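So the structure is just underneath, and the comments pick up after that.
Keep in mind that what you see is a predicted model, and the values were worked out from it rather than measured. Just so it is clear, the values below take in all heavy atoms, side chains as well, and ignore hydrogens, waters and symmetry mates.
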Amino acid sequence: MSTRSTARRVIAALAGVLLAGSMAACGNSDTGGDAGDGGNDKIVLGFSQVGAESGWRTANTTSIKEAAAAAGIELKFDDAQQKQENQIKAIRNFIQQKVDVIAFSPVVESGWDTVLKEAKDAKIPVILTDRAVDSADKSLYKTFLGSDFVKEGRLAGEWLVEQKKAASGPVNIVELQGTTGSAPANDRKKGFAEAIAANPNLKIVASQSGDFTRAGGKQVMEQFLKANPKIDVLFAHNDDMGLGALEAISAAGKTPGKDITIITVDAVKDGMQALADGKFNFIAECSPLLGPQLMELAKKVKAGEEVPARIETEETTFTQEQAKEALPNRKY
């Protein structure tokens, strides 16, 4: 009798443990756990990154990972390697995993409505970071966190207009665009074109995508130099393409920053160093350090709080002297 009684007690205890585990698992998958369950209320954030095409993007990824750890948010990170199909697949995986919040930096602006509708139907809020989408239905995402790319292009153009106001003849400009169809490429091009329209002497004689990479910047700049005997200005949509273009300009026997005025966007350390050294002439800043703001937004949208439809990061511009002053304390 005593042996049988002991066995019953063991079986009952095991059943209790299994039941408790099952209830905890169900609570975690649907709601993040009960308020009284200390281990299951951590926010799970699914984030799909564009790729690792530049120093800016690497700094952006580091900021997001470090901020998630500091905020106690579980981060499921995906690198789309510059392909929209990879991002759509990642977002669908996040939906299947029932994450609490989805955030992503879209490779291009168009083609997101279907997958964003799937996230909305699953009641998972979406945050856009760094890059926007052109969806007409603004209810498909909660907010956009990032820069005003049109303003960045406009600031670059306004600086050039001021520098070349005394020009009596044509000023030939070549433009290294970012990834075709992406928000920063579209918007920086637009802002720059609007600004330089103030001076009819400023003319864009060639404009082509370098995909935001150093290799792309070098390759396209080589083509520009062969096709255009007189280039006065280069406007690169990011520092990395500008840095690649430096190699092509030097190899062609020209002096960057003197023979060709170089304007870029981002202000990462390598770009700032080129500016301080006089190889670049002007940079419009685009800060990659969005991580802390993203984590605060993730907490708010998970809690059902209202957030602004658009949140812009604070940024500035740099000349050579300003770059020298800022470099010692530059975080990226």
Side-chain angles (χ1 to χ4, degrees), residues 48-63 78-87 105-109 130-131 147 149 152-153 156 172-189 192 204-228 231 233-257 259-286 288 323 330 332:
S48 177
Q49 182 61 283
V50 171
E53 76 282 1
S54 64
W56 191 100
R57 191 62 57 188
T58 301
N60 181 240
T61 292
T62 299
S63 175
D78 177 83
D79 182 341
Q81 299 179 333
Q82 300 274 1
K83 294 180 180 178
Q84 184 178 31
E85 58 266 32
N86 289 347
Q87 283 199 306
S105 181
V107 175
V108 294
E109 286 189 288
D130 173 45
R131 300 180 177 185
S147 304
F149 300 132
E152 292 166 357
N172 291 341
I173 305 165
V174 294
E175 180 180 32
L176 282 168
Q177 296 181 43
T179 303
T180 302
S182 68
N186 293 342
D187 292 354
R188 286 170 187 163
K189 181 177 180 63
F192 185 76
I204 297 176
V205 296
S207 183
Q208 188 174 323
S209 172
D211 255 343
F212 284 127
T213 66
R214 292 195 192 194
K218 180 183 178 182
Q219 181 180 6
V220 176
M221 192 65 201
E222 287 172 345
Q223 296 170 12
F224 285 164
L225 288 161
K226 289 176 183 176
N228 301 277
I231 296 174
V233 179
L234 164 65
F235 172 47
H237 286 189
N238 77 339
D239 290 340
D240 277 77
M241 290 190 295
L243 290 165
L246 290 181
E247 298 180 45
I249 293 168
S250 297
K254 296 180 182 292
T255 303
D259 295 330
I260 298 178
T261 298
I262 300 176
I263 306 166
T264 67
V265 180
D266 273 356
V268 297
K269 271 188 178 178
D270 287 352
M272 292 284 277
Q273 189 62 61
L275 180 56
D277 293 342
K279 296 177 181 178
F280 285 178
N281 301 87
F282 185 79
I283 298 178
E285 183 182 35
C286 180
R330 204 72 181 153
Y332 55 93

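Between T62 and Y332, the closest side-chain pair of non-hydrogen atoms is not below 4.5 Å. In this structure, the side chains of R214 and D270 come closer than 4.5 Å at one or more pairs of heavy atoms. Contact check for V205 versus V174: side-chain heavy atoms found under the 4.5 Å cut-off. Side-chain contact check for V220 versus M241: every heavy-atom pair is 4.5 Å or farther apart. Counting only heavy atoms from C-beta outward, the side chains of I262 and L246 approach each other to under 4.5 Å. Considering only heavy atoms from C-beta on, F149 stays 4.5 Å or farther from V265 through its side chain.
Remark: Q219 CD is loosely packed, at most 12 non-hydrogen atoms of other residues, nucleotides or ligands lying under 6.0 Å away. Other residues, nucleotides and ligands place no more than 12 heavy atoms under 6.0 Å from the NZ atom of K218.
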Requested in this report: Could you give me the CA-CA distance, side-chain angles and deciding distance for F212 and V50, then say whether side chain to side chain contact (heavy atoms under 4.5 Å, CB included) is met?
Outcome: CA-CA 11 Å; F212 284 127; V50 171; over 6 Å; no
Query - side chain to side chain contact (heavy atoms under 4.5 Å, CB included) evaluation trace for L243 with F280 - result: CA-CA 9 Å; L243 290 165; F280 285 178; 3.9 Å; yes
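Taken from CZ in F235 to OG1 in T264, the straight-line distance is 8.5 Å, to the nearest 0.5 Å. Here the CG atom belonging to D266 is positioned 11.5 Å from the CE atom belonging to M272, to the nearest 0.5 angstrom. The CD1 atom of I249 lies 6.0 Å from the CG atom of L225; values are rounded to the nearest 0.5 Å. In this structure, CD1 on I263 lies 8.0 Å from CG on L234, to the nearest 0.5 angstrom. Rounding to the nearest 0.5 Å places CG of N238 at 9.5 Å from SG of C286. Here the CD atom belonging to Q208 is positioned 8.5 Å from the CG atom belonging to L176, to the nearest 0.5 angstrom.
A donor-acceptor contact shorter than 3.5 Å is absent between the side chain of S63 and the backbone of A59. A donor-acceptor contact shorter than 3.5 Å links the side chain of D239 to the backbone of A267. Looking only at distances, no side-chain donor or acceptor of R131 sits under 3.5 Å from a matching main-chain atom of E109. No side-chain donor-acceptor contact under 3.5 Å links E175 to the backbone of I204. No side-chain donor-acceptor contact under 3.5 Å links D78 to the backbone of Q87. Between the S209 side chain and the G178 main chain, a donor and an acceptor come within less than 3.5 Å of each other. Q177 places no side-chain N or O within 3.5 Å of a backbone atom of R188 that could act as its donor or acceptor partner.
Taking all atoms of both residues into account, the shortest heavy-atom contact from G181 to N186 is O-ND2, 3.6 Å. Smallest separation of non-hydrogen atoms from T255 and D259: N-OD2, 2.7 Å. The shortest heavy-atom contact between A206 and F224 is CB-CE2, 3.5 Å. Of all the heavy atoms in E53 and D211, the pair that sits closest is CG-O, 4.3 Å. Taking each heavy atom of Q49 and S105 in turn, the nearest pair found is OE1-CB, 3.8 Å. Among all heavy-atom pairs drawn from P288 and N60, the shortest one is O-ND2, 2.8 Å.
Screening D79, D130, D240 for a side chain to side chain donor-acceptor pair (under 3.5 Å) with R57, the sole residue that qualifies is D130.
Side-chain polar atoms of E152 and H237 form no donor-acceptor pair below 3.5 angstrom.
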